[in-house]
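Following: one structure in structure tokens, then a few remarks.
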Number of protein chains: 2
Amino acid sequence: MEESRPRLEVWCAGKEWCPITSTATLIGKKWHPVIVHRLLKNGPLGFNALKEEVDGISSKVLSDSLEDLEDKRLVDRAIVSEKPFRVEYSLTDHGESLRPIITEMRDWGQEYLKPVENEESSIG
Amino acid sequence: MEESRPRLEVWCAGKEWCPITSTATLIGKKWHPVIVHRLLKNGPLGFNALKEEVDGISSKVLSDSLEDLEDKRLVDRAIVSEKPFRVEYSLTDHGESLRPIITEMRDWGQEYLKPVENEESSIG
DNA sequence: CTGTATCCACAACGATACTG
DNA sequence: CAGTATCGTTGTGGATACAG
């Protein structure tokens with residue numbers, strides 16, 4: 001149940017506020033949309049599980065990205081066990097609310113993009 | 001009328017291709033979504049007209065962004081007059097196809113974000 | 001009008017190694 | 001398991017001035 005939640009505050013640079021610019025500032029990073037997508041799809045994930053899901057990302061970049069998403073109140077970090085040490089990353093309500101954007105990005109990519117062949121494809 | 005158009009080719013880094021990562025690579029820049037939005041909303045625009053629309057952007061950054069969007073086949077640049085020199089930027093079909101994403105970003109920003117008060121608001 | 005040239009600052013990304 | 005430290009590279013953004 002959601003009481004009308006306070007909106008996230010974002011800094012406004014120009015004369016009049018632009019919601020698209022602000023949104024781009026929040027999620028317009030290379031890995032942010034994928035991270036959000038994986039959390040949307042799989043629910044709460046531990047660090048390494050998330051790293052597995054986000055193919056190709058390094059520990060540092062994932063760590064940095066998660067910290068940024070936390071700062072922006074799109075992701076929550078919870079310690080679920082001390083021994084062994086386990087954490088879980090999940091989406092806040094604001095993070096969840098990004099679903100339509102992420103879904104559109106996925107659909108668009110599937111419809112209009114084509115991955116370039118790797119060398120491996122032609123080897124062997 | 002569109003024959004099924006060849007899809008844009010994008011470089012795939014990981015083991016399996018992720019449409020979201022690729023999409024984020026294409027439009028995951030601070031100004032790209034706004035620029036696309038302004039072209040969606042206003043149709044073809046000249047450089048300075050576009051600069052006016054994209055509040056706060058510098059000439060260089062707009063120029064760089066447009067060049068990048070051109071390289072990615074999302075924007076077309078046409079010279080419409082030599083004297084006085086006039087160009088027009090418009091969206092390619094692929095650029096147009098971004099509309100649902102941009103719309104979602106705008107809607108989300110309007111719904112969940114709130115611009116921070118400027119100092120000016122409290123001065124006077 | 002439509003940009004480019006420069007120079008600069010800082011953010012993002014990445015590989016490797018190392019820690020609690 | 002869940003990161004941080006370090007270092008280096010590249011990318012992104014920005015101010016100012018100048019050019020075709």
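Lettering of chains follows the sequences in order, A, B, ..., and the numbering in each one begins at 1.
Atom pair A/Leu50:CG and D/dC1:P shows a separation of 13 Å (rounding to whole Å applied). Taking atom NZ of A/Lys51 as the reference point, atom C1' of D/dT4 lies 14 Å away to the nearest angstrom. When rounded to the nearest whole Å, the span between CZ of A/Phe47 and P of D/dA2 equals 8 Å.
Proximity of A/Tyr89 to the phosphate of D/dG3: a side-chain N or O atom is located under 4.0 Å from OP1 or OP2.
The two atoms that bring B/Ser58 and B/Lys51 nearest to each other are C-CE, 3.8 Å, heavy atoms only. Across all their heavy atoms, B/Arg86 and B/Gly46 have their closest contact at NH1-CA, 4.0 Å. For B/Gly109 against A/Thr23, the heavy-atom pair with the smallest separation is CA-OG1, 3.5 Å. Considering all non-hydrogen atoms of both residues, A/Leu39 and A/Tyr89 come closest at CD2-O, 3.4 Å.
Reading DNA chain C from its 5' end, the first and the last nucleotide to sit under 4.0 Å from a heavy atom of chain A are C/dA12 to C/dA15.
Formation of a donor-acceptor pair under 3.5 Å by the B/Ser65 side chain with backbone atoms of B/Trp31 is not found in this model. Judged by distance alone, with hydrogens and angles left aside, the side-chain atoms of A/Thr103 form a donor-acceptor pair with the main-chain N or O of A/Arg99 at under 3.5 Å. The backbone N or O of A/His94 lies less than 3.5 Å from a partner atom in the side chain of A/Ser97, making a donor-acceptor pair.
Taking B/Ser90 as the reference, B/Pro44, B/Asp76 meet the side-chain contact (heavy atoms from CB on, under 4.5 Å) condition, with sequence neighbours excluded.
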Polar atom pairs between nucleotides 9-16 of chain D and protein, under 3.5 Å, N or O only, would you list them?
unit_1	atom_1	unit_2	atom_2	d
D/dT12	OP1	B/Lys29	NZ	2.6
D/dG13	OP1	B/Lys30	N	3.0
D/dG14	OP1	B/Lys30	NZ	3.3
D/dG14	OP2	B/Trp31	NE1	3.2
D/dG14	O6	B/Lys60	NZ	3.3

